[in-house]
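In listed order, ligands and their atoms are each counted from 1.
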Amino acid sequence: MKYVLVTGGVVSGLGKGVTASSIGLILKACGLRVTSIKIDPYLNTDAGTMSPFEHGEVFVLDDGGEVDLDLGNYERFLDITLTRDNNITTGKIYQSVIDKERKGDYLGQTVQVVPHVTDAIQEWIERVAIIPVDGEEGPADVCVIELGGTIGDIESMPFIEALGQFSYRVGDGNFCLVHVSLVPVLSVVGEQKTKPTQHSVRGLRSLGLTPNILACRSTTELDGNVKEKLSRFCHVPLENIITLYDVANIWRVPLLLQDQKAHEAILKSLNLKGYALKPVLGEWTSRADLCDILHDPVRIAMVGKYTGLADSYLSVLKALLHASVACYRKLCVDWVPASDLEDATKKENPDAYKSAWNLLKGADAVLVPGGFGDRGVEGKILAAKYARENRIPYLGICLGMQISVIEFARSVLGLQDANSTEFDPSTQNPCVIFMPEGSKTHMGGTMRLGSRRTYFQGMSSKSAKLYGNRSFIDERHRHRYEVNPDMVPRLEEAGLSFAGKDETGHRMEIVELPTHPYFVGVQFHPEFKSRPGKPSALFLGLVAAACSQLDAVLKKCTTKTCKLSNGTSAHYENAPKSSNFAAGSFACIAILVVC
Ligand code: GLN
């Protein structure tokens, strides 16, 4: 096993996660099998209890792990399926060390950060690195490890010490350290400044780690003399200094690495030069090119709580992007703060109310993502009502599905106080209820989490067709509440169709309005399994419906030649006929069979 460690210096938010994923992708493109580990030095056991407002979305894995959003980037870029153990936190490490101590495994020793915690970190890395994540047997060739935080943080010290020992133990030729740093440009003189990187590399060295490669974030390409200066002061060969300058979309980052031969530098330091092939990134390049030239917009109203904070809904945005590219449309997300749609806002802040409704009404489709807590719930219900009544394509995810059922019960069944017991515990008409197996006292890891099976109830629904007429699908879940099975017969009689259920037939997984052009709600989170070039079926359905392509897509998806995130494959070529495409762009569309 070979290891690539990615660290960050100077400031946080440099895009270390995207850099690490891109390194993984380019190594994979060289014919290597790649896995990854993310280290988060915070004390939380996992990301499940952390606010998306502060920390970005909680990404959910097949095994139910609630992890850092960077694991989503790895899964999407590398098309792999990770496990909860691929995300290491200080909380997990200390928990394992303390459990061992309580069992008496340390045989009377004084348990200390060095060697016990540092050993536990190294053992964890070695154990997890060999878990196959790409559907093939046996361990991967390379494990990319991303160390969260910035060099010098107190929290990351045990990890740095452990990784220093680890690099020494696995030896030269098996370990490559890529340090992501910042080269700021001072606006007055326009000069690229190397000092912050020099300091950060010095800090890294003083902690026992030596960088093989410097990946410098900068607004523009690094000047030759700036690279030379960095090389001299940081003791890194000139050809190992890469500039990650600002690019139009993140799919370009692996291409930047390729153009600057970063893969050669990495392969050389890992002694893999004779073993790896030339990178094959044709499909990836075509998709990045296509993404840049699309300009026929598809407008999606995202009605949520944390509007404007892309990281809070990262996977939903990525899934929308994958679907939009497949439909040859430029994705335009209109953030609609759910509470601004409510009557209370009309009185308190009429301008916000008006602008929220204008955005909603201007959209081609409406998406209500998952969420917790009652803020904005009434606004989300209004958005679902608007989409249902005006025949606007709608996708409700988890909470977005639950509120669409509440709305239907209120408006169509006339049950004015219909609600979820999450928001109104004493409602007379609880159409969404707490699941019997949940815990009301412990928040961490107690939801219905991870991959669960949904069985389609017949093949006539749009969702069944979009999933390629399969009898069941496996998607990821994260919820405590569910549609009240006692109310299902009444809802069905009134025209709501429960197109997918779990294996017991009592838990509702997919709801649809058959008479509506596209009104779908799902208890699961399809966004987590969407991939570039393999969009999630229901996102594809939403975007296709928003740009009048749904019939064509349904036809293609049922012929089983369309590549979708759930493993089905469908051949879907729907290149735009409009003349909006720049000359030459058809060449890349011809190579690319995106779906
Ligand atoms: N709050 C709802 C539940 O717990 C929805 C959760 C979600 O949207 N992820 O069931």
Side-chain angles (χ1 to χ4, degrees), residues 46-53 55-62 64-67 69 72 302-307 309 311-317 319 338-339 366-381 383-384 394-407 409 418-425 427 430-452 454 475-485 487 498 501-502 506-511 520-530 536 538-539:
D46 61 34
T49 52
M50 298 171 85
S51 158
F53 183 67
H55 206 78
E57 79 173 0
V58 177
F59 191 79
V60 181
L61 299 170
D62 264 1
E66 297 172 279
V67 294
L69 55 76
M302 274 271 278
V303 184
K305 189 152 78 169
Y306 311 109
T307 47
L309 287 173
D311 273 5
S312 306
Y313 300 108
L314 190 66
S315 295
V316 173
L317 291 177
S339 47
V366 176
L367 192 152
V368 178
F372 296 84
D374 58 5
R375 181 153 70 85
V377 163
E378 290 303 320
K380 292 177 188 176
I381 292 176
Y394 175 87
L395 179 61
I397 296 173
C398 206
L399 179 62
M401 175 246 209
Q402 297 171 356
I403 59 102
S404 69
V405 175
I406 297 170
E407 191 282 313
N419 215 330
S420 163
T421 53
E422 183 178 4
F423 314 124
D424 179 5
T427 171
C431 38
V432 178
I433 56 170
F434 193 75
M435 282 185 294
E437 63 265 47
S439 164
K440 286 200 168 168
T441 50
H442 282 71
M443 300 303 265
T446 56
M447 285 188 253
R448 181 170 176 250
L449 285 166
S451 182
R452 306 292 169 114
T454 294
E475 291 280 12
R476 298 179 184 174
H477 293 69
R478 184 171 188 252
H479 64 125
R480 289 197 172 85
Y481 292 80
E482 62 172 330
V483 173
N484 183 354
M487 287 189 67
F498 290 95
K501 299 182 183 175
D502 78 342
H506 295 306
R507 185 155 285 156
M508 302 306 122
E509 291 282 3
I510 305 176
V511 60
V520 178
V522 283
Q523 189 57 77
F524 48 80
H525 290 266
E527 67 271 25
F528 293 134
K529 286 172 78 171
S530 188
S536 160
L538 300 177
F539 281 84

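Backbone and side-chain nitrogen or oxygen atoms of His479 are examined, and none is located within less than 3.5 angstrom of a nitrogen or oxygen of ligand 1. Polar contact with ligand 1: present for Leu399 (N/O pair, distance under 3.5 Å).
If you look at Glu482 next to ligand 1, there are no close heavy atoms at all, none under 4.0 Å. Only the backbone of Arg478 comes within contact range of ligand 1, with a heavy atom under 4.0 Å; no side-chain atom does.
Heavy atoms of Met447 come nearer than 4.0 angstrom to ligand 1 in no pair at all. At least one heavy atom of His525 sits under 4.0 Å from some atom of ligand 1.
Exactly one of Lys501, Gln402, Met487 qualifies for a side-chain contact (heavy atoms from CB on, under 4.5 Å) with Met508. That residue is Lys501.
Nearest heavy atom pair, residue Ser420 against residue Tyr481, reads OG-CD2, 4.0 Å. In terms of heavy-atom proximity, Pro485 sits nearest to Ile433 at CD-CD1, 4.1 Å.
Between Cys398 and His525 there is a side-chain heavy-atom pair separated by less than 4.5 Å. Val58 has its side chain within reach of Arg478: a pair of non-hydrogen atoms, C-beta onward, lies under 4.5 Å apart. Residues Phe539 and Ile397 have side chains in contact (heavy-atom distance under 4.5 Å, counting atoms from C-beta outward).
Of the protein's heavy atoms, Tyr481 N, 2.8 Å lies nearest to atom 10 (O) of ligand 1. Protein heavy atom at the shortest distance from atom 4 (O) of ligand 1 is Arg480 N, 2.9 Å. The single protein non-hydrogen atom nearest to atom 1 (N) of ligand 1 is Glu422 OE1, 2.8 Å, given as residue, atom name and distance. When only non-hydrogen protein atoms are considered, atom 5 (C) of ligand 1 lies nearest to Gly371 O, 3.3 Å.
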- Does the side chain to side chain contact (heavy atoms under 4.5 Å, CB included) test come out yes or no for Arg507 and Arg452, once each step is laid out? CA-CA 11 Å; Arg507 185 155 285 156; Arg452 306 292 169 114; 5.7 Å; no

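Each of the atoms 8 (O) of ligand 1 lies under 4.0 Å from some heavy atom of Gly370. Under a 4.0 Å criterion applied to the non-hydrogen atoms of Cys398, ligand 1 contributes the atoms 5 (C), 6 (C), 7 (C), 8 (O), 9 (N).
Using modelled atom types and a 3.5 Å distance limit, the side chains of His506 and Glu482 yield no donor-acceptor pair.
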